[in-house]
**Q** 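Mind looking over this structure? Questions follow.
All chains are named by letter (A, B, ...) in the order of the sequence lines, taking the proteins before the strands, and each is independently numbered beginning at 1.
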Amino acid sequence: MTLRLFNTLTGQMDPLTPSDGEALRMYACGPTVYDYGHIGNFRTFLQVDVLRRFLKLTGIKVRHVMNITDVDDKIIRNAAAAGVSIGAYSAEFEKAFFEDLDTLGVERPEIIARATEHIPRMVELVQRLAAAGAAYQTEDGSWYFRLAAFPEYGKLSKKDLSGMEDGARVDLDEYEKDSARDFALWKAAKPGETSWDTAIGRGRPGWHLECSAMAMEFLGESFDLHAGGEDLMFPHHENEIAQSESVTHKPFARHWMHVRFLLVDGRKMSKSEGNFYTLRDLLLKGYKASAIRLALISVPYRHQFNFTFDGLVEATSAIERLRTFRQRLVGGGFAPGENSALQEAALKAQSDYIAALANDLNTAEARAPIFDLLRAANTAMDQGQLKSGDRDAILAVLAEFDAIFCVLEDRDAEATQRALEWAEQTGRLNDVAPELLTRQGLTDAAIDALVAERTQAKKQRNFARADQIRNELAEKGVVLEDSKDGVRWKRK
RNA sequence: GCGCCGGUGGCGAAGCGGCUAACGCGCAGGUCUGCAAAACCUGCAUUCGCGGGUUCAACUCCCGCCCGGCGCUCCA
């Protein structure tokens with residue numbers, strides 16, 4: 001089934017397929033590694049993850065490039081303040097970034113491209129732009145892109161800049177530019193700042209330049225898809241188009257995908273508003289990685305997502321139900337054979353699920369058939385109508401669901417443990433929710449021992465003691481489930 | 001100001017010119033259970049921001065209004 005994805009450039013739903021018939025070549029803007037990633041960042045990376053997982057699920061190979069911006073004003077500023085090199089500074093946050101992606105189950109792109117490792121390609125691009133008359137150097141040695149050289153500027157964000165010519169607001173330190181809207185390709189070295197000695201002078205790349213240079217290096221001058229957060233549409237992506245197409249005269253990316261912003265309690269997340277959360281903040285508050293992933297994914301990428309803690313609690317419950325269900329299928333003994341009604345239900349769930357995702361990655365709609373199937377199967381199990389062949393079919397559908405949503409495998413405890421260790425190492429234990437510490441302090445062996453004691457008590461019909469143990473464990477976030485096959489427990 | 005997006009049950013959220021308005025969470029009652037939990041069953045929007053219009057038929061299309069959000073500057 002071919003994915004139909006909204007294309008910012010054309011303003012309509014376009015099918016997304018590899019133009020070379022081999023692999024879908026895509027570029028998605030990565031992070032500037034100057035700090036820990038926040039949930040807004042991760043919503044975008046998660047939605048792109050959904051995209052690439054869906055492509056793979058439908059049999060399309062993916063060649064996905066992600067840049068790491070490891071030199072920019074903030075990095076330079078922060079590294080100087082910390083008294084370390086920008087390399088050491090950015091490496092630390094790059095490492096943290098990838099740890100966070102692992103926590104959230106975000107697949108690695110095929111190619112990770114660091115800006116500082118591709119300076120020659122950027123210099124080359126500036127030279128080509130200069131040769132084409134689209135770049136000029138100012139007195140201080142910086143290079144700028146000449147917007148006037150690219151009449152199509154604004155075609156992505158649908159902006160008409162003709163009426164917004166050089167107005168009153170021209171930044172003081174940019175007075176040398178020909179036009180206020182011209183943007184920096186290459187920033188001349190300032191004393192003490194990291195810089196590269198190159199054929200176009202000593203300096204460092206502008207932010208927009210790296211994406212054009214690296215995308216073309218790894219994907220060619222024209223490729224299938226470019227993705228990123230909605231805020232990047234203008235000016236970043238617009239600038240990338242201008243820089244690239246001015247020299248290639250070919251469409252840079254033919255399909256553009258933009259993920260809408262995340263709000264927190266209905267407001268834009270910002271440090272000054274006090275509603276700013278990193279992934280690690282949430283883990284230390286006791287929320288599960290899987291719940292964060294599900295919450296951030298469940299609202300389709302083209303809608304604003306309003307982040308709330310209630311939403312995280314909801315996602316936690318939903319995941320628990322799914323996991324309990326799968327456990328019941330895996331662990332139960334079923335008579336051989338098939339129940340045609342369930343076989344049909346499984347097929348329907350599968351096709352509905354794929355169809356929803358193929359329709360502009362409608363993740364909200366895609367969840368529904370899985371829960372429909374869950375209910376049908378649970379009912380059948382209660383009635384003893386589910387056969388081993390049904391179990392296999394349903395587990396296969398669940399696996400396919402999880403190929404995108406990736407929440408069934410419980411790796412939450414490990415993720416939380418990692419976050420706790422990090423908090424300890426960086427002196428952030430004060431930020432940890434107290435109940436999380438008591439919960440993590442309880443080992444599996446200790447739980448098993450208490451459960452065994454309770455089973456004994458139950459045998460002796462000492463229900464008072466049995467309930468006491470159950471309550472004790474409940475306070476520490478452990479839930480018990482009695483069944484014919486013994487006691488199951490799980491951490492809340 | 002200009003531009004874009006949205007306003008559906010207690011909450012999140014999907015949806016389509018005409019099927020009982022998905023699904024999740026939550027709540028209430030029931031079944032099961034030593035009691036719970038899990039699971040299942042039943043119920044919880046005669047209604048889709050407001051006012052007009054088009055249509056045999058609109059939550060779904062058009063117009064206006066109100067409310068919210070975002071972009072136009074570094075930002076996922």
**Q** Students often get this wrong, so: under 4.0 angstrom with heavy atoms, is A/Gly37 touching a base, only sugar-phosphate, or nothing?
**A**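 Nothing: the residue A/Gly37, judged by heavy atoms under 4.0 Å, touches no strand.
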**Q** Treat primed atoms plus P, OP1 and OP2 as sugar-phosphate and everything else as base, then score nucleotides 26-31 of chain B 5' to 3': B for base contact with protein heavy atoms under 4.0 Å, S for sugar-phosphate contact only, - for none.
**A** S-----
**Q** Which of these, A/Tyr301, A/Phe97, A/Phe98, sits in a ring pair (Phe, Tyr, Trp, His ring centres under 6.0 Å) with A/Phe45?
**A**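 It is A/Phe97; the other options fail the test.
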**Q** Please list, for nucleotides 2-5 of chain B, all pairs of protein and nucleotide N/O atoms separated by less than 3.5 Å.
**A**
unit_1: B/rC5; atom_1: O2'; unit_2: A/Arg260; atom_2: NH1; d: 3.0

**Q** Quick one: side chains of residues 376-386 of chain A, donor-acceptor pairs under 3.5 Å with protein atoms, not counting sequence neighbours, listed by atom name and distance.
**A**
unit_1: A/Asn378; atom_1: OD1; unit_2: A/Arg328; atom_2: NH1; d: 2.7
unit_1: A/Thr379; atom_1: OG1; unit_2: A/Arg375; atom_2: O; d: 2.9
unit_1: A/Asp382; atom_1: OD1; unit_2: A/Arg328; atom_2: NH1; d: 3.4
unit_1: A/Asp382; atom_1: OD1; unit_2: A/Arg328; atom_2: NH2; d: 2.6

**Q** Please tell me if the side chains of A/His303 and A/Arg260 come closer than 4.5 Å, counting only heavy atoms from C-beta onward.
**A**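 Result no, sub-4.5 Å side-chain heavy-atom pair not found.
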**Q** Give a yes-or-no answer on whether the side chains of A/His38 and A/Asn41 include a donor-acceptor pair shorter than 3.5 Å.
**A**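 Yes - a donor-acceptor pair under 3.5 Å links their side chains.
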**Q** What about the rings of A/Tyr353 and A/Phe54, do their centers lie closer together than 6.0 Å?
**A**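 They do not qualify: ring centres at least 6.0 Å apart.
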**Q** I'd like to know if A/Asp482 reaches the base of B/rC35 with its side chain such that a donor and an acceptor end up less than 3.5 angstrom apart.
**A**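 Yes, the side chain and the base share a sub-3.5 Å donor-acceptor pair.
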**Q** Hey, is the side chain of A/Arg43 pairing donor to acceptor with the base of B/rA76 inside 3.5 Å?
**A**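 No.
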**Q** Compute whether any side-chain donor of one residue and acceptor of the other, for A/Asp14 and A/Gln12, lie under 3.5 angstrom apart.
**A**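 Note: A/Asp14 and A/Gln12 side chains meet the donor-acceptor criterion.
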**Q** Tell which nucleotide pairs with B/rC27, taking only Watson-Crick or G-U wobble pairs whose two distances are both under 3.5 angstrom.
**A**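 Partner of B/rC27: B/rG43.
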**Q** Atom CD in A/Glu472, atom CD1 in A/Ile447: separation rounded to 0.5 Å?
**A**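 Atom-to-atom, A/Glu472:CD and A/Ile447:CD1 are 12.0 Å apart.
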**Q** Ignoring hydrogens and geometry beyond distance, is the side chain of A/Asp467 in donor-acceptor contact with the base of B/rG34 at under 3.5 Å?
**A**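 Such a pair is found, so the answer is yes.
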**Q** What protein N or O atoms touch nucleotides 38-43 of chain B N or O atoms at under 3.5 angstrom, if any, and at what distances?
**A**
unit_1: B/rA39; atom_1: O3'; unit_2: A/Asn378; atom_2: ND2; d: 3.0
unit_1: B/rA39; atom_1: O2'; unit_2: A/Arg328; atom_2: NH1; d: 3.2
unit_1: B/rA39; atom_1: O2'; unit_2: A/Asp382; atom_2: OD1; d: 3.3
unit_1: B/rA39; atom_1: O2'; unit_2: A/Asp382; atom_2: OD2; d: 2.8
unit_1: B/rC40; atom_1: OP1; unit_2: A/Asn378; atom_2: ND2; d: 3.2
unit_1: B/rC40; atom_1: O4'; unit_2: A/Asp382; atom_2: OD2; d: 2.8
unit_1: B/rC40; atom_1: O3'; unit_2: A/Thr379; atom_2: OG1; d: 3.0

**Q** Tell which nucleotide pairs with B/rA57, taking only Watson-Crick or G-U wobble pairs whose two distances are both under 3.5 angstrom.
**A**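 None - no nucleotide pairs with B/rA57, as no candidate has both distances under 3.5 Å.
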**Q** Show which side-chain atoms of residues 310-318 of chain A pair as donor or acceptor with protein atoms under 3.5 Å away, not counting sequence neighbours.
**A**
unit_1: A/Thr316; atom_1: OG1; unit_2: A/Leu312; atom_2: O; d: 2.7
unit_1: A/Ser317; atom_1: OG; unit_2: A/Val313; atom_2: O; d: 3.3

**Q** Let me know the distance between CD of A/Glu314 and P of B/rG10, rounded to the nearest Å.
**A**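 So the CD-P distance, A/Glu314 to B/rG10, works out to 16 Å.
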**Q** Judged by modelled atom types alone, do A/Thr324 and A/Lys490 share a side-chain donor-acceptor pair under 3.5 Å?
**A**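 There is such a pair (donor and acceptor under 3.5 Å, judged by atom type) between the side chains of A/Thr324 and A/Lys490.
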**Q** Need the pair for B/rC72. Rule: Watson-Crick or G-U wobble, both distances under 3.5 Å, any strand; none if unpaired.
**A**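 B/rC72 is paired with B/rG1.
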**Q** With sequence neighbours excluded, what pairs up with A/Ser244 under the side chain to side chain contact (heavy atoms under 4.5 Å, CB included) test?
**A**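 A/Ser244 satisfies side chain to side chain contact (heavy atoms under 4.5 Å, CB included) with A/Ser212, A/Met216, A/Phe252 only.
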**Q** Under 3.5 Å, is there a donor on one side chain and an acceptor on the other for A/Thr69 and A/Asp72?
**A**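 A/Thr69 vs A/Asp72: no donor-acceptor pair found between side chains.
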**Q** Look through every strand shown and name the nucleotide pairing with B/rU20 as Watson-Crick or G-U wobble, where both distances are under 3.5 Å.
**A**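 No nucleotide pairs with B/rU20.
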**Q** Checking all strands, does A/Asp73 fall into the base, sugar-phosphate, or nothing category for heavy-atom contacts under 4.0 angstrom?
**A**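 Answer is nothing: A/Asp73 stays at 4.0 Å or more from every strand.
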**Q** P atom, B/rG17 versus B/rC62: distance in rounded Å?
**A**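 Here B/rG17 and B/rC62 have their P atoms 12 Å from each other.
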**Q** Could you work out the separation of B/rG9 and B/rU31 based on their C1' atoms and round it to a whole Å?
**A**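 Roughly 27 Å separates the two C1' atoms.
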